[in-house]
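Okay, structure first, notes after.
So that the names make sense, note that chain A is the first sequence line, chain B the second, and so on, each numbered from 1.
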Protein chains: 2
Amino acid sequence: MGQLPTILDVAAAAGVSRQTVSNVLNSPSLVRPETREKVEAAIAGLGYRPHASARRLRTQKSSTIGIRLDPLSADGISGSILDRFLHSLTEQADRKDLRVMVFTAADSNDEIRQFKRLSEGADVDAFILTATFHGDPRTQWLIEHGEPFVTFGRPWGTDDISDPEHLWVDVDGRHGIREATIHLLGTGARRIAYIGWHSPSGTGDDRRRGWQQAMEESSGLRPEEIAALHAPTEDGATFGAEALLHLEKTAGNIEAVVCASDALALGAFMHSAGRIPVIGYDNTPVASSIGFSSIEQPIDDVAGGMLELLTGAHGGRVQPGQEVAEPTHQLLQPHLVLRTPRVQALTVRSN
Amino acid sequence: MGQLPTILDVAAAAGVSRQTVSNVLNSPSLVRPETREKVEAAIAGLGYRPHASARRLRTQKSSTIGIRLDPLSADGISGSILDRFLHSLTEQADRKDLRVMVFTAADSNDEIRQFKRLSEGADVDAFILTATFHGDPRTQWLIEHGEPFVTFGRPWGTDDISDPEHLWVDVDGRHGIREATIHLLGTGARRIAYIGWHSPSGTGDDRRRGWQQAMEESSGLRPEEIAALHAPTEDGATFGAEALLHLEKTAGNIEAVVCASDALALGAFMHSAGRIPVIGYDNTPVASSIGFSSIEQPIDDVAGGMLELLTGAHGGRVQPGQEVAEPTHQLLQPHLVLRTPRVQALTVRSN
DNA sequence: GGACCAAATTTGATCGTTCAAATTGATCGT
DNA sequence: ACGATCAATTTGAACGATCAAATTTGGTCC
């Protein structure tokens, strides 16, 4: 390991002072090009890297963002999506010289306790929140304590979307589901069912509206008929299968299904034995393995957008009562990934 | 936000000196119980938390472990397993007052570059490695540079398992597959196929041996017959389906299948239409949704074991030529999760 | 009561960096 | 030629904690 070189070693090697080296790193414009080169050569020669903790102590900034690992979120981004998101976030953060620290929490209150720990210890100086919900206590706490943060998910219900209290990036689920439904209508299907989550659910209700709009506009069915094609349930493959079974009994013939998640879609697909088109949401590995269509969220753009908001003019905080030049949120569009099923017959056990 | 209290504020409030407060936190035994209580009251009253960066600067320890996010590892722990592992690791690290920092890397060399960045910047002071392979350059680099680390995975091939050059925790895949095979033999099946990965692959070869042993001991088949039931391929559902199709053509009737991964098992299960028992590896969500048996790795124990080794006497490093009292590795046993299929018929398209 | 020793507590120095103020050296206007 | 101005660089101080050494406290023994 040896002793790591410090800024003083670099200064000595380059024949300048500490501060000049510091300036080369942080405010290059202050340094004469000639000296800058000398210093840069010394830095490279010694393999010097600034000591993160020393810098943090002095600047009171950690250049680290915190994100909770939420493995089993029923709502919003589930499992493998969070995984992809975390990966993309970390990769892009790295390019901006930001580090990512993860933590776990049992519930929202526990998460707030972690916010406290991590911000007070100066471990992180901004937070990334996923799966926001109506009346979220976490955003409230962060705003009150002046901690910078960005959410993946709109501030459902609490405030105006166009004039938000905080920064957010979200995916327009309604639009995605609407496009998917329109695609199915374009193939000739009319009796298109929607299997989603129980209300109230910000994400869930929004997605359902996409299906509802498309159906009302172009299916030619009466409102009661459309309503009869809607089955709210819990998230999960078995629930998806049961919901479709239920719909077939109560609403009769179903020509296609749009689902609020891939888990539900898997169930519906299994139950329908691949005979009718099923469209899921999130384009998880299951969808591609089994081979059903799914709506893909632009995860990279979400992560990139969040970092942009965090490092941009706002610095993760919306200054109250101040003119805002840059946008404070982004609503991104998902896109439909079409697949033809790899399986022909598939039926759920009768048990 | 206000100004956070420092150790000096606590000292003043408790009527003692800096160092006494520091001792209450780090070496309570040095402090008289009476004073300790006073200080603890002051800490609680002010809501003081030590400034992580200041402590790190002084102690030259970050109390942070780094782990690479590897989203698409074909070998070893794949996708959702890494997710579960990361979650478990973070949760257990938290209890030991350790933080977890994540990073991404395109390949091993890139990962080594990250090791450098993070250790030189004193961002992390130990690494967690997953999916080790034969002649892994990463472990070599870490050993050479004296960076503490633990691997999830044995040092395949490089050195002696019972006298390792570094700390590791692994799951006994051979034993797991062996038990799974024995279970199938117990149900009366004899012609049990094995679908795994191409050789050489540390993990893959080890798992295959488990099947081979069980077959040689108890199937009653001749060695050539057993060999004919083995199909090595790439990881993935389609490869699994193709492998089983191939085996049916070349080896004839197959009564059950054991696979090196759930992805392969999914393919085999789809191809066999759920008619014969299929056992996968990793017990991913796909296995539970679709409903096939799978071998579950004790992820929590793996994470816990790795942290134990890291924080134990070794401090993540095996001192060369020194007597070692504590064990330097752990080999854990997986267990079989049995399921009855939820689907009855399922066939792969002929394309 | 004073000498001695261990336990408890305090003080001085330091980790590596950046901020703020001070210094140097060159250019310029009058 | 002389101070004023400005760019480039240096020096002193501080961030908040811990280590190492010094000091005080308190008890025991003769």
Query raised in the report: With a 3.5 Å cut-off and just heavy-atom distances, do the side chain of A:Arg58 and the base of C:dT18 make a donor-acceptor pair?
Result: yes
Query raised in the report: Got a donor-acceptor pair under 3.5 Å from the side chain of A:Arg56 to the base of C:dG16?
Result: no
Residue pair [X] / [Y], side-chain heavy-atom distance below 4.5 Å:
{"X": "A:Thr35", "Y": "A:Lys38", "answer": "yes"}
{"X": "B:Met306", "Y": "B:Ile65", "answer": "no"}
{"X": "B:Glu40", "Y": "B:Val31", "answer": "no"}
{"X": "B:Ile128", "Y": "B:Phe152", "answer": "no"}

Report task. Please lay out, stage by stage, how B:Gln140 and B:His166 fare under the test side chain to side chain donor-acceptor pair (under 3.5 Å). Result -> CA-CA 10 Å; B:Gln140 201 180 330; B:His166 67 259; over 6 Å; no
For [X] and [N], give me the distance from atom [atom1] to atom [atom2], rounded to whole Å.
{"X": "B:Asn26", "N": "D:dG16", "atom1": "CG", "atom2": "P", "value": "17 Å"}
{"X": "B:Ile7", "N": "C:dT9", "atom1": "CD1", "atom2": "C1'", "value": "14 Å"}
{"X": "A:Ile43", "N": "C:dT17", "atom1": "CD1", "atom2": "C1'", "value": "13 Å"}
{"X": "A:Leu8", "N": "C:dT14", "atom1": "CG", "atom2": "C1'", "value": "13 Å"}
{"X": "A:His51", "N": "D:dA17", "atom1": "NE2", "atom2": "C1'", "value": "13 Å"}
{"X": "A:Tyr48", "N": "C:dT18", "atom1": "OH", "atom2": "C1'", "value": "10 Å"}
{"X": "A:Arg55", "N": "C:dC15", "atom1": "CZ", "atom2": "C1'", "value": "16 Å"}

Report summary line: Per atom distances to the B:Leu57 side chain, the nearest of D:dA17, C:dG16, C:dT18 is C:dG16
Query raised in the report: Which of these nucleotides, D:dC15, D:dA17, C:dT17, is closest to any side-chain atom of A:Arg18?
Result: C:dT17
For nucleotides 5-9 of chain D, list the nitrogen or oxygen atoms of the protein found under 3.5 Å from its nitrogen or oxygen atoms, one pair per line.
unit_1 : atom_1 : unit_2  : atom_2 : d
D:dT9  : OP1    : A:Arg32 : NE     : 3.4
D:dT9  : OP1    : A:Arg32 : NH2    : 3.3
D:dT9  : OP1    : A:Thr35 : OG1    : 2.7
D:dT9  : OP2    : A:Arg32 : N      : 2.9
D:dT9  : OP2    : A:Thr35 : OG1    : 3.4

**Report entry** Complementary nucleotide for C:dC15 - Watson-Crick or wobble, under 3.5 Å
**Finding:** D:dG16
Report task. Return the nucleotide paired to C:dT30: Watson-Crick means purine N1 to pyrimidine N3 with N6-O4 or O6-N4, wobble means G-U with N1-O2 and O6-N3, both under 3.5 Å. Result -> D:dA1
Query - Any B:Gln60 side-chain N or O less than 4.0 Å from OP1/OP2 of C:dG16 - result: yes
Query raised in the report: Does B:Gln19 make a side-chain N or O approach to OP1 or OP2 of D:dA17 shorter than 4.0 Å?
Result: no
Query raised in the report: Is any side-chain N of the basic residue among B:Lys61 and B:Asp125 closer than 4.0 Å to the acidic one's carboxylate O?
Result: no
Query raised in the report: Between A:Phe115 and A:Trp141, what is the ring plane arrangement, given parallel below 30°, perpendicular above 60°, and tilted in between?
Result: tilted
